[in-house]
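Note sheet for the following structure.
Below, chains carry the letters A, B, ... as their sequence lines are ordered, and counting in each starts from 1.
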Amino acid sequence: MSVVNRDQDQESDQPRPQPRLGRQASWFEGEDEAQAERGGLFVGVVVDRALDAVLTYRAPQRLVASIQLGQRVRVPLGRNGVVTGYCVSVDLLPPEDLPPSKIKDVVEILDAVPLIDARMLELTRWMAGYYMCSWGQALDAVVPAGVRNQAGTRVGTFLVVRPEARQAFDDETLQKTLTAKQTAAIEALCRSDELLTVSDVCRRAKCGAGVIKTLRDDGLIHTVKRRLSLAASRNDEPAAGEPTAAPKPPPAMTPEQAAAMAALTPALDGDAFAPFVIFGVTGSGKTEVYLTAIERTVARGREAIVLVPEISLTPQTIRRFRRRFRRVAVLHSHLSDVERHRHWQSIAQGEIDVVVGARSAIFAPTRRLGLIVVDEEHESTFKQETVPRYHARDVAVKRAQLENTPVLLGSATPSLETWRNAELGRYARISMPSRVEGRPMPAVEIIDLRNEKHLTGGLSETLRLAMHQALDDDGQVILLLNRRGYNTFVICPKCGQVVKCRHCDVAATYHKNRHMLICHTCDAERACPPACPSCQAPVLHYGGIGTERLEREIRMEFPFHESRRMDSDTMRRHGSHEVTLAAFKSGDVKILLGTQMIAKGLDFPNVTLVGVVDADVALHLPDFRAAERTFQLVAQVAGRTGRGNRPGRVLVQSFCPEHPAIANAARHDYEGFVRYELPTREAPLASPYGRIVRLVARGKDEARVEKYLNELAKTLRAKAPPGVRFWGPSPTPILKIREEFRFHLQIRCASAAPLRTMLRDLPLHPPPNKVDLAVDVDPISML
DNA sequence: CCTGATTCCTTT
DNA sequence: AAGGAATCAGGT
Ligand SMILES: [Zn+2]
Ligand SMILES: [Zn+2]
């Protein structure tokens, strides 16, 4: 057991330092004067509600000595009773415009040690302003639940000998007044270096609890409460079976890697904000550059945070960091509250050099941050789709700015926002255009599905043939199809209606293994209807190919080659991911098929063929980033082959092979794609040329939702500064989700400031009852 | 004039 | 956000 922090002492006789208050009570009058004369400090408190104000409370005398910035406190709030909030400021005087009679007292301090520091307070305040949420909501995103409820700790009661009694015991005057058992108990307490509980003392002094009660009643000893960590052992790290290999000497650098390090080194050794974009093709060795940069950071006694998309947080990735660094914390989304709390504590304690994690790892409470790395910077999973709707990459840049550190944004296919920032010189660009060991980029062939005769089970003849060849040559095959399920729609041939989810305006997907229709939006299931729900026609047509159907096709076509499907249906159990990848790596499995989770950061030297079954999946979605996402996915997958000594082949099936997203991805030509895509964004003020705020109203009463958003749009339009443009209001692409109708309004402007001023008093136009309004700054999802 | 529902208002 | 007060619609 170890004491992790000091909690409220119950009967501590330590004198409390008196607050030194420069009393300038001249403007206190009458009864307010009495209030003010009670002394204390005035603290700004942000409550964990959607309440957009800092409320002032008074810390009474008994709390004055312990109140600190970043602690959580319990405060009375209106008629709601007592609520929890964060202390964000401590002042000698309350704000002048606040009648002192309204100021209430802080009831209790929850954390002996503040959960966050001043820099984190500043970061969250920025988030609240930028993403238009309350400060309290931003703080809630930063401090994990496990830390808030101190998961894995408990409060223990310990015995302490009062100083007078101890003195008397040391002088051996006390002993005369005590029985033998009592003396033994006091002696046990005085001799122990650590705090002892009642049962500890009983064991050591071989006495009963009654003896201790007598000593307490006589005032010779008293009790003290301390919060303890339950398991002091930290042997959950590293993962089982994972030898903590001695740090390996880094491999020799390629000229490009060396050049990248040369560009980074001054920033890594300095103390200034320095944003970089590392634009490196897949296989160019970006990760080695990150590792070397982190090494340099750690060597000067600073910590590094590495952000990686959740799906890339594979054992392979984690191993790479553990091999190189001793004190690594990995923060993935499946940690328990206790594990998360323990990691938070060790990071805050300075016991960790490198934090690797997904989105929320950007809030890791490092002590002396020296570097932030955001790998796969373009990934949309860095955007949180619930309040606060922050983008971890952008928060990373802001945090780097506040903490004066370099930040590295790495990608083979940078987001257009980041690319433009580099073009404008806001970010320094480091290019790594060639692969390590001079390996060529794989040849990518596009299969024009319009010319393919037989397209059974999603596979063209060309792709089938290529698979046979690859497998006959003892190579391995990866097939990507970014659609789960067996059939992606069920349609009535008579009336043309698609069977929809009962609660959403979405076509239901047929899952054969469960023989059910499942909604991919709300996960609701429904039985396969015996007849058309609209016109009662008895026969329904099942169409559209998902991974489950593709798997069946592969099993039939290649019965003697082991295949494995990897999507969120087959990877439900924790660890199955790892098992499947291990089976593929060992060569037992020859064909790996699945959704985009197979496209990330995996390195299989024996893969000689990668097939993209339907490159058009995301291309026609009603979203200005549809082409960008299609390009990114195809380009990422194309980089997954030819990493070993054998040359790789990539086949991409598409109905629109000449689309620049697909054609440029096939040529591994990022800049070619950018030259096409960027100009299409400029006129409509889409990102990166325009800043976008998206307002989404939703509710069960469709007319009510629509009416509210229309009225809101009207009032906003009336006071819109020049240069602000409105898109909508219109129904969202998915009109209904979980019985709620949704309408949205996009507001775009070349710069952020007019948007901000216009929306500053959005709270003056709140939605009516049973309608909710969501404000999404820099939206990623448009559905 | 009473009842339940809905909207408004405040929070330090 | 959430609770209480104020207001409203409709029935006796
Ligand atoms: Zn029908
Ligand atoms: Zn649904």
Side-chain angles (χ1 to χ4, degrees), chain A residues 21 25 27-61 63-64 67-110 121 124-125 127-128 131-143 145 148 386-389 695-705 707-709 711-712 715 740 761-775:
Chain A
L21 284 188
W27 39 264
F28 289 109
E29 283 170 34
E31 60 176 332
D32 288 344
E33 197 164 317
Q35 170 94 10
E37 283 311 319
R38 286 192 285 128
L41 290 175
F42 295 93
V43 299
V45 173
V46 160
V47 295
D48 60 358
R49 303 277 166 96
L51 214 166
D52 213 19
V54 179
L55 306 177
T56 305
Y57 289 86
R58 201 185 63 104
Q61 285 301 341
L63 299 179
V64 156
I67 189 81
Q68 284 178 72
L69 233 54
Q71 283 168 327
R72 284 170 317 148
V73 290
R74 301 274 296 160
V75 291
L77 180 68
R79 299 174 272 258
N80 300 323
V82 177
V83 300
T84 301
Y86 288 84
C87 169
V88 300
S89 66
V90 180
D91 288 296
L92 290 172
L93 295 171
E96 292 193 23
D97 49 351
L98 184 66
S101 58
K102 298 192 91 173
I103 301 177
K104 297 181 189 168
D105 278 6
V106 174
V107 173
E108 182 191 1
I109 296 172
L110 286 180
L121 281 176
T124 48
R125 198 182 51 182
M127 284 172 66
Y131 292 106
M132 299 191 193
C133 64
S134 75
W135 197 350
Q137 288 170 319
L139 282 163
D140 273 348
V142 167
V143 183
R148 280 196 297 253
T386 55
V387 178
R389 300 172 189 274
L695 306 181
V696 188
R698 60 182 169 84
K700 290 193 172 149
D701 184 341
E702 182 176 3
R704 212 174 149 91
V705 175
K707 180 164 169 273
Y708 164 67
L709 200 58
E711 283 167 5
L712 181 62
T715 51
E740 290 190 314
D761 42 22
L762 192 63
L764 298 180
H765 313 284
N769 212 356
K770 297 195 174 156
V771 177
D772 271 319
L773 180 70
V775 182

Pairwise distance CG(A/Leu709) to CG(A/Leu695) - rounded to 0.5 angstrom
6.5 Å
Using 0.5 Å steps for rounding, measure from the CZ atom of A/Arg389 to the CD atom of A/Gln137.
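Going from CZ on A/Arg389 over to CD on A/Gln137, the span is 10.0 Å.
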Distance in angstrom units between [X] [atom1] and [N] [atom2], rounded:
X: A/Asp52; N: C/dA2; atom1: CG; atom2: C1'; value: 16 Å
X: A/Leu77; N: C/dA2; atom1: CG; atom2: C1'; value: 9 Å
X: A/Leu51; N: C/dG3; atom1: CG; atom2: C1'; value: 13 Å

If we check salt bridge (Lys or Arg N to Asp or Glu O under 4.0 Å) with A/Asp140, which of these qualifies: A/Arg148, A/Arg72, A/Arg49?
A/Arg148
Please report the shortest heavy-atom distance between A/Val64 and A/Leu41, naming the atom on each side.
CG2-N, 3.7 Å
Go through the steps to decide whether A/Thr124 and A/Tyr86 satisfy the test side chain to side chain contact (heavy atoms under 4.5 Å, CB included), and finish with yes or no.
CA-CA 12 Å; A/Thr124 48; A/Tyr86 288 84; over 6 Å; no
Polar side-chain atom of A/Tyr708 near backbone of A/Asp772 as donor-acceptor pair, under 3.5 Å
no
Contact nearer the 5' end of DNA chain C, comparing A/Arg79 with A/Asp772:
A/Asp772
On DNA chain B, reading 5' to 3', which nucleotide is the first and which the last to sit with an atom under 4.0 Å from a heavy atom of chain A, could you check?
B/dT7 to B/dT12
